[in-house]
Protein chains: 2
Amino acid sequence: MEELSARIALMYPLSEPAMAQFLSIWKSTTYEKGAHLLKAGQVSNYMYFVGKGAVRIYYQKEEKEITEWLALDYNFFFSIQSFFQRVPSRLAIHTLETSEVFMMHHDDLMQLCEQSHEIEKLFRKMITTSLILSQIRMESIQFENAHQRYQRLLNGSPDILKRVPLSYIASFLGITQETLSRVRNAR
Amino acid sequence: MEELSARIALMYPLSEPAMAQFLSIWKSTTYEKGAHLLKAGQVSNYMYFVGKGAVRIYYQKEEKEITEWLALDYNFFFSIQSFFQRVPSRLAIHTLETSEVFMMHHDDLMQLCEQSHEIEKLFRKMITTSLILSQIRMESIQFENAHQRYQRLLNGSPDILKRVPLSYIASFLGITQETLSRVRNAR
DNA sequence: CGCCGAGTTGAACTGAATCAAGAAACGTGG
DNA sequence: CCACGTTTCTTGATTCAGTTCAACTCGGCG
């Protein structure tokens with residue numbers, strides 16, 4: 001819980017009562033490796049945060065599984081479209097390691113946002129961060145080749161290779177497993 | 001101004017005084033075709049809205065010009081990273097047609113957000129919309145081929161071909177002008 | 001008429017996907 | 001602790017979408 005509150009404070013420093021209020025709507029559960037937090041077709045009601053652990057967001061696309069996001073150690077994640085638009089999610093979420101997962105229900109968040117301008121503002125900052133990350137990822141996909149994207153990922157999470165199967169990493173990078181293998185072993 | 005206020009109301013229906021307050025920080029200017037709203041290297045202080053008209057956001061990348069965004073008739077646009085992070089923008093913005101452009105200064109917006117929870121919430125919704133669009137565009141770039149992306153663009157703005165040179169459209173779609181030409185004339 | 005920018009067409013090339021085997025690592029039961 | 005099957009990863013050959021480079025067409029317009 002301290003890590004969660006530290007990450008929140010980093011985005012926008014809430015007053016003490018607001019922080020307490022905000023933290024109060026987060027529930028924590030420890031999931032075994034391979035457990036599903038969300039299945040495809042459900043409306044995703046939660047925004048999540050992983051403690052120490054690893055989580056994968058993926059979906060089915062023409063008999064292939066696409067890894068949409070990988071969240072390791074102390075990071076937020078959620079199904080953007082489903083959470084905001086309240087529509088069933090194509091995405092599924094499962095753990096890659098036994099992980100402590102914190103989750104906050106959409107309705108609780110909305111209710112707090114109504115009551116508290118401060119929390120509304122925090123939430124706005126969280127979305128802004130997502131938007132900027134989304135832009136950066138888009139540019140990476142559009143202009144960087146397989147090798148550059150792989151390097152970028154390694155810079156951000158050097159230990160990801162030891163913790164996530166290559167097939168997931170390849171899909172997350174938008175390349176095939178074979179290409180990733182070649183890129184890794186080149187030179 | 002009515003169009004601007006209509007688009008705002010669509011995202012989040014402000015109370016009358018809040019709407020008046022919000023509209024009051026927007027200034028309007030009519031720019032001739034080819035005029036620059038923003039040059040690369042400047043911090044972008046504004047969020048923009050085009051009335052009837054057309055605007056292009058672009059940047060220099062290794063002696064090529066990349067068209068990052070095209071905004072036609074009654075749409076918002078801005079340099080996301082520069083606006084939020086207050087860093088110099090790689091992006092430049094110019095008009096493709098004589099256009100009425102509305103602009104809102106970052107600091108005015110922030111001040112209003114401090115004062116008014118309602119406006120903060122509107123702003124949050126605006127960013128959320130951007131985030132969802134960004135996700136959709138990312139998926140389009142990653143998984144759709146040149147022909148599909150072209151079709152998607154046409155569906156969204158059928159008259160864009162008549163108003164924007166092909167070289168800009170190609171770059172916006174992330175393909176070369178030659179490929180766009182082939183895609184257009186195929187079959 | 002000749003030039004100029006915008007768009008098209010053709011041919012060669014390239015990065016990554018696909019298809020197809022293999023090799024290595026992993027774990028489960030004997 | 002080993003043997004076996006399964007999953008994960010690598011390697012090779014071929015194919016393909018899209019790029020690059022170069023030449024060409026077309027429609028203004030001074």
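By convention in this document, chain letters (A, B, ...) are assigned in the order of the sequence lines, proteins followed by strands, and residues within each chain are numbered from 1.
For the side chain to side chain contact (heavy atoms under 4.5 Å, CB included) with B/Met104, the qualifying choice from B/Phe49, B/Tyr48, B/Phe22 is B/Phe22, the only one to do so.
Regarding contacts with the backbone of C/dT18, a side-chain N or O of A/Lys64 is found under 4.0 angstrom from either OP1 or OP2. In terms of phosphate contacts, B/Thr176 brings a side-chain nitrogen or oxygen within less than 4.0 Å of OP1 or OP2 of D/dT19.
Five base pairs at each end of the helix from C/dC1-D/dG30 to C/dG30-D/dC1 define two local axes, and these are offset by 20° (rounded to 10°).
Protein atom CD of B/Glu63 is 13 Å distant from nucleotide atom C1' of D/dT20, rounded to whole Å. The distance from atom CZ of A/Arg149 to atom P of C/dG15 is 14 Å, rounded to the nearest whole Å. Between the CD1 atom of B/Ile141 and the C1' atom of D/dA17 there is a distance of 17 Å, given to the nearest Å. Here the C1' atom of nucleotide D/dT10 and the OH atom of A/Tyr150 are 14 Å apart, to the nearest Å. One interatomic measurement links the two molecules: CG of A/Asn145 to P of D/dT19, which rounds to 14 Å at whole-angstrom precision. The separation between B/Ile66 atom CD1 and D/dT19 atom C1' is 13 Å, rounded to whole Å. In this structure, A/Glu65 atom CD and D/dT7 atom C1' are separated by 15 Å, rounded to whole Å. Protein atom CG of B/Leu173 is 11 Å distant from nucleotide atom P of D/dT19, rounded to whole Å.
Between B/Met19 and B/Glu16 there is no side-chain heavy-atom pair separated by less than 4.5 Å. Put simply, the side chain of A/Phe76 reaches to within 4.5 Å of the side chain of A/Ile8, judged on heavy atoms. Between A/Glu62 and B/Phe143, every side-chain heavy-atom pair lies at or beyond the 4.5 Å cut-off.
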| request: Would you sort out whether A/Ser28 and A/Glu100 count as a side-chain hydrogen bond (donor to acceptor under 3.5 Å, both in side chains), showing the intermediate values? | output: CA-CA 7 Å; A/Ser28 129; A/Glu100 187 176 17; 3.0 Å; yes

| task | Could you walk me through whether A/His94 and A/Tyr31 pass ring-ring contact (aromatic ring centres under 6.0 Å, His included), step by step? | result | CA-CA 9 Å; A/His94 72 171; A/Tyr31 287 94; over 10 Å; no

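B/Ile141 belongs to a hydrophobic cluster whose other members, connected by ILVMFWY side-chain contacts under 4.5 Å either directly or through intermediates, are A/Met138, A/Ile141, B/Met138.
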| task | List the protein contact pattern of nucleotides 4-9 of chain C with one symbol per nucleotide (5' to 3'): B for base contact, S for sugar-phosphate-only contact, - for none; contact means a heavy-atom distance under 4.0 Å. | result | ---BBB

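Around the NZ atom of A/Lys39, the shell of radius 6.0 Å holds no more than 12 heavy atoms that belong to other residues, nucleotides or ligands.
Across A/Glu139 and B/Lys61, no two heavy atoms sit closer than the pair OE2-NZ, 3.9 Å.
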